[in-house]
Amino acid sequence: MPPARATAPAPATARSGHSGPDGLGFLPVRALCAGFAAGTFTPLDVLEEVLGRARGVARDLGAISFLDEGGAVEQARASTLRWRQGHQLGPFDGVPVTVKDSLAVRGLPSVRGSLLRRDAPPEDTDEPAVARLREAGAVIVAKTTMPEFAWSAVSDSPVWGVVRNAWDPTRTAGGSSGGAAVATALGVGTVGLGSDGAGSVRIPASFNGVVGLKATYGRIPATPSGAFGRLAHIGPLTRTVEDAALTLDVLARPDPRDPDALDAPRISYAQVVDRAEAFTHALRIGFSPDLGSGIVDEGVAEVVRSAVDALTGAGVRVSGVRVELPDLGAEMVDLWSGVLAAELADLDAGEEAQLSPGLRAAVVHGGTLSATDFLRASTRAREGVAGPLADFHADHDVLLTPTLPVTAFGAGRQVPDRWGGADGGERTWMSWTPLTWPFNLTGQPAVSVPVGVDGDGLPVGVQVVARHGHDEDALAVAALLERAVAGLGV
C-alpha cells in the first residue's frame with residue numbers, strides 16, 4: 001500500500017488484505033540491491049511478492065494490462081544468479097519495473113487501450129528507455145493501463161475499463177500513465193515507466209501519492225512519437241525522489257533512434273540528490289500558488305502552502321512570485337485535438353465508431369481544423385507560455401506550484417462534478433490540468449512530489465520545475481521538499 005500520510009484513510013491495499021509498505025516490494029532501489037548483495041533475499045523473492053500484488057489488488061483496480069509472469073521469473077532467475085556470482089550488471093539489476101502499454105516491450109503487444117489494436121502482435125523491439133532498463137538488469141513485470149491512444153488525463157479505456165485510485169477505489173487514478181502510477185503506489189514494481197504529453201506522468205503521480213518525473217525533452221530518448229511530436233516525454237514514476245534520480249541515471253543515454261536525444265549527462269542525478277542541501281545553496285526558488293489561474297481548491301492550496309513552509313523552515317530560501325500564464329485552454333484543445341486527428345487520420349467510419357466517445361469527439365473536432373488553425377493554436381500556446389516563464393527564469397532557477405488544482409475525483413469521470421470550463425467553453429480534462437501542460441510546451445524538467453493529503457485523505461502533489469536542461473536542479477529541490485515534509489510526519 002502507499003506510504004501512510006497524516007490523516008489518510010486505509011489505502012486500497014490494506015482493505016484488500018495485501019501486505020503493507022514494509023514488504024520487499026516497497027524497498028527502494030538501493031535497499032533492494034543491498035539485500036541482493038548481502039544474500040538476505042533475492043530478485044526472485046522480491047518478484048514473488050510483486051507478482052502477488054499484480055495478480056490481486058493491482059489487477060482489481062485496473063492497473064495491469066499484461067502480466068508477464070513467465071518472462072519476469074526468467075529475468076529474476078538470471079539476476080539472482082548474477083548476484084550470487086558477483087557479476088551483477090549494476091545498481092538496477094533485479095529491480096522490478098512496469099511499463100506503460102504504449103511503450104514497446106519486446107515480446108508483449110502494445111494495445112494502447114483501443115479495441116482497434118486488441119489483436120496487436122507482440123513487439124519485436126524495445127522502446128529505447130525499456131532497452132536501457134533491460135540492459136541494466138531490471139525485471140520487467142508487466143505493462144500498465146492507459147486511456148485509448150493516450151488521449152486523456154484519465155486512464156479509462158474501452159479495453160480495460162475504469163482505472164481506479166490506489167488510495168480510494170471510488171476515485172480516478174488519473175492519466176494517461178494511470179496504471180503505472182497505481183502499480184507503483186501498490187508496490188507492483190519499484191519503477192513504473194510512463195509517458196507525459198500534457199502531464200500524463202505528473203497527474204497520476206499526484207493523484208496516487210507517488211513521485212512523477214518528466215525530464216527535459218530529449219533527456220530520455222524515445223522512438224519518434226508521431227503526431228505528438230515534441231510534446232511527448234518518457235518519464236518514471238517511483239515512490240521516492242532518490243529512485244527517480246537513480247532511474248534517470250539509467251535512462252539518460254542517447255539512442256540513435258531518437259534524433260532529439262541529448263548527450264549523456266556529465267553528472268549523476270543520484271549523487272545530486274545525495275548532496276541536495278549543498279547543491280541547492282545558490283538556487284533561486286520561487287513559489288506560484290496557481291500560475292495565475294485562480295482555480296486551485298482550498299484544500300489543495302492549504303497542503304501545498306504547508307509543504308512550502310516546511311521547505312523554508314528547513315533553511316531553503318523560497319520567495320513568493322507572481323507568474324500569470326494566459327488562458328490558453330482553447331488553443332490547447334485545438335492543439336491536442338489536431339494531434340489526435342492526425343494520429344488517427346486513416347480510420348474508416350466503422351473504425352472511428354469503435355473509439356471511446358471522448359476520443360471520437362476530439363478526433364472529429366481536430367478534423368475540422370485547417371492546417372493554419374492547428375499551427376496558429378500551436379504557436380499561440382507555445383509563445384503564450386514561453387514569455388512569462390522566460391521572465392520568471394530571468395530571476396529564478398526553480399519554480400514551485402501545485403501539481404494539480406484538485407485531488408482525485410470520482411472514478412469513471414473526465415472532469416470533476418463541480419468543475420467549470422476554463423478551456424473555451426468545453427468541459428474537457430484540459431480545464432483541470434493547467435499547471436502541467438505548460439511545461440510540455442517548453443520541454444522543461446518537472447517533478448511531482450507527494451506532500452500530504454487533503455481533508456478527504458487524498459494525496460496532494462507539489463510540482464518542481466527547473467530551467468530547460470537543468471534536471472539536476474529540479475531533482476535536488478524535489479529531494480529537499482520530500483525530506484522537509486517527512487520531517488512533519490507527512
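As a basis for the values below, the full set of heavy atoms in this structure was taken, side chains included, without hydrogen atoms, waters or symmetry mates.
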Close aromatic pair by centroid cut-off 6.0 Å: Trp167 and Phe207: no
Ring centroid separation Phe149 to Trp336 under 6.0 Å: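 No: the rings miss the under 6.0 Å criterion.
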Heavy-atom donor-acceptor pair, Glu148 side chain to Ser114 backbone, under 3.5 Å: no
Any donor-acceptor N/O pair, Asp126 side chain to Val105 backbone, under 3.5 Å: no
Arg77: salt bridge (Lys or Arg N to Asp or Glu O under 4.0 Å) partners, not counting sequence neighbours: none
Partners passing salt bridge (Lys or Arg N to Asp or Glu O under 4.0 Å) against Arg413 (at least two apart in sequence or in another chain): Asp417
Within 6.0 angstrom of Asp348 CG, more than 12 heavy atoms from elsewhere: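 Yes, the 6.0 Å shell around CG holds more than 12 heavy atoms from other groups.
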CD/Glu74: more than 12 non-hydrogen atoms of other groups inside 6.0 Å: no
Does a side chain donor of either [X] or [Y] reach within less than 3.5 Å of an acceptor in the other side chain?
X	Y	answer
Glu127	Thr223	yes
Arg467	Gln444	no
Ser110	Lys143	yes
Gln414	Ser152	yes
Ser195	Lys100	yes

[X]: side chain to side chain contact (heavy atoms under 4.5 Å, CB included) partners, not counting sequence neighbours:
X	value
Pro28	Ala31, Asp243
Ser337	Val333, Ala362, His365
Ala173	Val163, Val182, Asn208

Test side chain to side chain donor-acceptor pair (under 3.5 Å) applied to Arg30 - qualifying residues, sequence neighbours left out: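 Arg30 satisfies side chain to side chain donor-acceptor pair (under 3.5 Å) with Glu242, Asp274 only.
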Candidate pair Arg230 and Asp260, rule salt bridge (charged side-chain N to carboxylate O under 4.0 Å, His left out), full reasoning: CA-CA 9 Å; Arg230 294 180 62 87; Asp260 292 322; 3.7 Å; yes
